[in-house]
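Values in this document were obtained by computation on a predicted structure and should not be read as measured data.
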Amino acid sequence: GDYPEGFQGDAVRYSFGTQASQEASSTTALTVDPAIGEGKFAVFFINASSLTPKTHITLQWGEEAQPVRYEVDLSGVKTPAAAREKGEYPIAGIWQMAVEIIDGAKVQIVRGPIFKILGEDGSMCNLNAMGQQAVLTQQGTYEMTSDSTYVENLLPSARNNFTPGQGRMKYRLEDGGRILRAQWFNEATGQWQPEMYVRVTLEGTK
């Protein structure tokens, strides 16, 4: 916020949090930055990627001044919190890779040691839990692009056959969201590779 006309101080009292505050209990130095504009400014950085971003600011310009409250409107910003409230991460959860073994009319689902963890904040990782050791094989973020596709933005991987970058994915939820059928696009072969996952739930729940 820009300082009011006539204010001569170099610091301002403030409160910055997830809820509105009647008092400005902390003090911060004012910023002088020509890139922002002329004068002095109270600058606050908002982590919009947080599930509970700080959007409430209270400023008190001088000991005799009345505190002034502000609320930053993030409704136009696509944040993880807003996405979660709108159901924009329908595949969020812990998923365990599985295969189907078909024996005549009988279908058996056998789970393996590979897990895909898709967070409600857009974070993701793949985990290989072999024996007593667990290894993160991939990590990054993901973004829903439609009701049947998403992209994984991958960081450098420990596995040589995966490279960092953006991975295209198709998906379909089955059995009330218990089964995730996914396909990832193999850039090397130009083909879609199918995968199947079973949602990991709290023991005793469905």
Side-chain angles (χ1 to χ4, degrees), residues 1-95 116-126 138-155 164-173 176-177 180 182 199 202:
D2 193 2
Y3 65 94
E5 183 177 356
F7 181 75
Q8 300 296 322
D10 294 319
V12 63
R13 296 185 64 82
Y14 76 96
S15 176
F16 182 38
T18 58
Q19 297 181 345
S21 174
Q22 300 289 337
E23 300 180 353
S25 56
S26 301
T27 302
T28 185
L30 296 176
T31 297
V32 178
D33 188 345
I36 301 176
E38 296 183 359
K40 301 176 183 179
F41 297 85
V43 179
F44 299 88
F45 295 94
I46 297 176
N47 180 12
S49 65
S50 171
L51 291 177
T52 55
K54 295 180 180 180
T55 57
H56 293 273
I57 303 171
T58 302
L59 297 178
Q60 184 177 352
W61 301 95
E63 295 297 333
E64 304 300 325
Q66 291 295 319
V68 181
R69 294 188 299 276
Y70 304 87
E71 181 178 1
V72 180
D73 183 6
L74 295 179
S75 60
V77 181
K78 187 174 182 180
T79 65
R84 182 181 62 175
E85 291 176 358
K86 296 177 181 178
E88 294 182 3
Y89 292 105
I91 57 176
I94 302 174
W95 299 92
K116 181 182 289 290
I117 302 174
L118 301 171
E120 292 182 338
D121 60 351
S123 62
M124 63 81 57
C125 70
N126 290 340
Q138 288 179 301
Q139 191 172 16
T141 61
Y142 74 103
E143 181 180 355
M144 307 304 300
T145 51
S146 76
D147 60 0
S148 62
T149 60
Y150 72 98
V151 294
E152 294 181 344
N153 301 297
L154 304 176
L155 299 173
Q166 189 175 83
R168 290 185 287 162
M169 303 287 294
K170 295 180 181 179
Y171 80 92
R172 183 175 73 252
L173 291 172
L180 171 66
R199 187 185 294 275
L202 183 66

I need the single residue from K116, R168, Q138 that forms a side-chain hydrogen bond (donor to acceptor under 3.5 Å, both in side chains) with E152. Which is it? K116
[X] and [Y]: which non-hydrogen atoms are nearest, and at how many Å?
X    : Y    : result
S146 : Y171 : O-OH, 3.9 Å
Y14  : F44  : CD1-CE2, 3.4 Å
D121 : S123 : OD1-OG, 2.7 Å
R199 : G93  : NH1-CA, 3.9 Å
A11  : T27  : CB-CG2, 3.9 Å

Please tabulate, one pair per line, all N/O donor-acceptor pairs under 3.5 Å involving side-chain atoms of residues 18-25, not counting sequence neighbours.
residue: S21; atom: OG; partner: E23; partner atom: N; Å: 3.2
residue: S21; atom: OG; partner: E23; partner atom: O; Å: 2.9
residue: Q22; atom: OE1; partner: R69; partner atom: NH1; Å: 2.9

Are the side chains of [Y] and [X] in contact, using a 4.5 Å heavy-atom criterion?
X    : Y    : answer
M124 : N153 : no
T58  : V68  : no
M144 : I91  : yes

For the side chain of Q60 and the backbone of A65, is there at least one donor-acceptor N/O pair under 3.5 Å apart? yes
About how many Å separate [atom2] of [Y] and [atom1] of [X], when rounded to the nearest 0.5 Å?
X    : Y    : atom1 : atom2 : result
L173 : S148 : CG    : OG    : 10.5 Å
F41  : L30  : CZ    : CG    : 10.0 Å
F16  : L59  : CZ    : CG    : 10.5 Å
L155 : T141 : CG    : OG1   : 7.5 Å

Could you list the residues that satisfy ring-ring contact (aromatic ring centres under 6.0 Å, His included) with Y142, not counting sequence neighbours? Y89, Y150
With sequence neighbours left out, what residues match D147 under salt bridge (Lys or Arg N to Asp or Glu O under 4.0 Å)? none
Applying side-chain contact (heavy atoms from CB on, under 4.5 Å), run through L74 and I46 and close with a yes or a no. CA-CA 10 Å; L74 295 179; I46 297 176; 4.3 Å; yes
